[in-house]
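Following: one structure in C-alpha cells, then a few remarks.
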Amino acid sequence: MLQSTIAKIRPLDRAFFQKAQAHLDSQTKPKGSLGVLERVACRLVAMAGGEAPRVDPARIYTCAGDHGVAAQGVSLFPQEVTRQMVTNFVMNGAAINVLTRTADVDLKVVDAGCLGGRFPDHPALVQCKVAPGTRDLSTEAAMSREECVRALENGIALAKAAHADGIVTLGTGEMGIANTTPATALFCACLDLTPAAITGPGTGLGAEGVRHKIAVIEKALALHAPTIAKADPIDILASLGGFEIATLAGMILGGASLGMPLVIDGFISSSAYVAARAICPLVAEYAFFSHASAEPGFAAVMQRLEATPLLHLDMRLGEGTGAAMAIFILRSAANLYTDMATFSAAGVHSGE
C-alpha cells in the first residue's frame, strides 16, 4: 500500500496556477491585493485540476500515541494523560472539539498507539493501535521498521476513508505525552538542525528541564547516527518517531495521493509532515501550515522548509486546533475565487 500510494503523488500543473491568477486579476480589486488568500486560491485551483476550488467538507484526524521516552522525564505530565485526553476528545470536552464545532469541521479521534488496551467503541473513534506505546528512542529504536510501515499504512487508510466519505480537505492533529521529544529529534535528523537550537518546553518545562530534554535528544541522535547517515526516511522515522507521528505521515502521503488539500497543525504535526516529505517530497505541493507554533524551534523549522504558516496566534497546544481555524482561511480563499464579481460582469472600470 505504501509504495503504490507514493507512486500516485503527482506535481501540480503550473498552468492551472496561471489560469487561476488570471481569474483573480479579473476580479473587482487591485491585482494581488488579497495577498496570501490569492496564493492559497491558486493552489486550491491547481489541486482541483483547474476547476473551481473546493474545501468542504473538511475533516481533522487527531491521532494519539504514547512514547517510551517519557520514562526519561521529558514531560511534566504523566503518560496516563494521553489516554485520558482521548476519552476527553470522544466526549467533546477538549479545545479541538470546541474549535471543530465552531469551524464546522468533522473530527475523528484515532488511537494510533496509546498505552493500555482497546478503548470502548465510539462513532468518533478510530482504533488502529499498532502497539501500546513506542520504545524509548534514547536507548533503542522507537519502532521496528515493520511497525512504522504499519502505522504509515494506517494513516493512508485514514485518508482513503475520508475521501470515500466525500471529505475534500484533511487536517492533522495529535495527542501524546512526551511527543515534542520525538518531533524535535525528527526535525534534527531530517532538517540538519541541532537539539540546542530547537528544543522547547513542550508541556511547560523550566530551563533545567529543557537542558535535560536536549541531552536526551542528543543521546538519541548519537545512538541512531548510523541510521540517520544512511538517510532511509522510513528507518529514521522508525528509530525516532511515534505511532501518532507515523500515522499522520501516512495520512499526509495518502491525502496527497488523492489530490486533497492538507492542513498541517503545529509542532508535532509538522514533524509528521517532515517525515512524509522525506519519503516523498511532492507532498509539499498539497500542504498548508496552519499556524506558527509558539514552540521556540518552530521558526527555524519553517525557515528550513521555506514555508510560512497562515496564522500567528501564539498557540502551542496541538490536537489540530490551529488546523481547525486555518481551514476557514482556505474556505475564504476558495469562496473569494468563486463568488467575487469580475470587472466586466460588475460593469466596473478596471483602471487599465
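Predicted model only: the values in this text are computed from it and were never measured.
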Residue pair V40 / L310, side-chain heavy-atom distance below 4.5 Å: yes

One thing to verify: whether R83 and D66 come together as a salt bridge, which I'm taking to mean a side-chain N less than 4.0 angstrom from a carboxylate O. no

Under 3.5 Å donor-acceptor, R54 side chain and E51 backbone: no

Going only through I, L, V, M, F, W and Y residues with side-chain contacts under 4.5 Å, is there a path from I60 to L313? yes

If you measure from SG on C190 to CG on L237, what distance do you get to the nearest 0.5 Å? 8.0 Å

Please name all residues satisfying ring-ring contact (aromatic ring centres under 6.0 Å, His included) with Y337, sequence neighbours left out, ordered by chain then number. H23

Any heavy-atom pair between the side chains of M325 and L311 that's under 4.5 Å? yes

Could you tell me the separation between the CD1 atom of I6 and the CD1 atom of I279, rounded to the nearest 0.5 Å? 6.0 Å

Out of curiosity, does I329 fall in the hydrophobic cluster containing I167 (side-chain heavy atoms, cut-off under 4.5 Å, transitive links)? yes

Rounded to the nearest 0.5 Å, the CD atom of E285 sits from the SG atom of C280 at a distance of 9.5 Å

Using modelled atom types only, decide if a donor and an acceptor are shared between the side chain of K129 and the backbone of C114 within a distance under 3.5 Å. yes

Ion pair check, D235 and K230, cut-off under 4.0 Å: no

D121 bridged to R118 by N-O distance under 4.0 Å: yes

Examine the side chains of K213 and T180 and answer whether a donor and an acceptor come within less than 3.5 Å of each other. yes

How would you list all residue pairs meeting side-chain hydrogen bond (donor to acceptor under 3.5 Å, both in side chains) that involve residues 293-322, not counting sequence neighbours? none

A52 backbone acceptor or donor facing T338 side chain under 3.5 Å: no

CZ/F298 to OG/S270 distance, rounded to the nearest 0.5 angstrom? 3.5 Å

Are D25 and Q21 close enough that a side-chain donor and a side-chain acceptor fall under 3.5 Å? yes

Path from M47 to Y273 over hydrophobic side-chain contacts below 4.5 Å: yes

Do I245 and P182 touch side chain to side chain, with heavy atoms closer than 4.5 Å? yes

How long is the straight-line distance from OG1 of T100 back to CZ of F89, given to the nearest 0.5 Å? 10.5 Å

Which atom pairs, donor and acceptor, lie under 3.5 Å between side-chain atoms of residues 191-199 and protein residues at least two apart or in another chain?
unit_1 : atom_1 : unit_2 : atom_2 : d
T194   : OG1    : A197   : N      : 3.4
T199   : OG1    : P195   : O      : 2.6

4.5 Å side-chain heavy-atom contact, L253 and V283: yes

Can you check whether H67 reaches I177 side chain to side chain, under 4.5 Å on heavy atoms? no

E80: partners by salt bridge (charged side-chain N to carboxylate O under 4.0 Å, His left out), with sequence neighbours left out: none

Look only at the side chain of Q27 and the backbone of M340, and say whether a donor-acceptor pair between them is shorter than 3.5 Å. yes

Are L99 and M175 connected into the same hydrophobic cluster when the rule is that any two of I, L, V, M, F, W, Y join if their side-chain heavy atoms are below 4.5 Å apart? yes

What's the verdict on side chain to side chain contact (heavy atoms under 4.5 Å, CB included) for R211 and E208, showing C-alpha distance, side-chain angles and the deciding distance? CA-CA 5 Å; R211 284 192 289 271; E208 182 57 39; 2.8 Å; yes

Whether the side chain of S33 engages the backbone of P30 through a donor-acceptor N/O pair (distance < 3.5 Å, no angle test) should be reported. yes

Just checking, any donor-acceptor pair under 3.5 angstrom between side chains of H122 and Q127? no

Pairing of K219 and E140 as salt bridge, 4.0 angstrom limit: no

Is a side-chain donor or acceptor of N154 paired with a backbone partner of C128 at a separation under 3.5 angstrom? yes

With side chain to side chain contact (heavy atoms under 4.5 Å, CB included) as the test, would you mind laying out the steps for M251 and L152 before giving the verdict? CA-CA 7 Å; M251 192 187 87; L152 286 163; over 6 Å; no

R43 NZ/CZ over F17 ring centroid, <6.0 Å and within 45° of normal: no

Roughly how far, to the nearest 0.5 Å, is CG of L158 from SG of C63? 5.5 Å

Apply ring-ring contact (aromatic ring centres under 6.0 Å, His included) to Y286 and list each qualifying residue two or more places apart in sequence or on a separate chain. none

Are L248 and E174 packed together at the side-chain level, in the sense that at least one heavy-atom pair is separated by less than 4.5 angstrom? yes

With the side chain counted from C-beta on, respond yes when I156 and L2 share a heavy-atom pair under 4.5 Å apart, and no when they do not. yes

Give the C-alpha distance, both sets of side-chain angles, the deciding distance and a yes or no for salt bridge (Lys or Arg N to Asp or Glu O under 4.0 Å) between R135 and E147. CA-CA 11 Å; R135 292 174 283 278; E147 288 172 330; 2.9 Å; yes

What I want to find out is whether E38 reaches K29 closely enough, with some N-O distance under 4.0 Å, to be called a salt bridge. yes

Using the rule side chain to side chain contact (heavy atoms under 4.5 Å, CB included), only one of T87, V86, N97 pairs with V109; which is it? V86

Sub-4.5 Å side-chain heavy-atom contact between L223 and S138: no

Could you go through residues 256-269 and list every donor-acceptor pair under 3.5 Å that involves a side-chain atom there, pairing it with any protein atom two or more places apart or in another chain?
unit_1 : atom_1 : unit_2 : atom_2 : d
S257   : OG     : G254   : O      : 2.7
D265   : OD1    : G322   : N      : 2.9
D265   : OD1    : A323   : N      : 3.0
D265   : OD2    : G320   : N      : 3.1
S269   : OG     : T172   : OG1    : 2.9

Please check if V168 and L37 belong to a single hydrophobic cluster, counting links between Ile, Leu, Val, Met, Phe, Trp and Tyr side chain heavy atoms closer than 4.5 Å. no

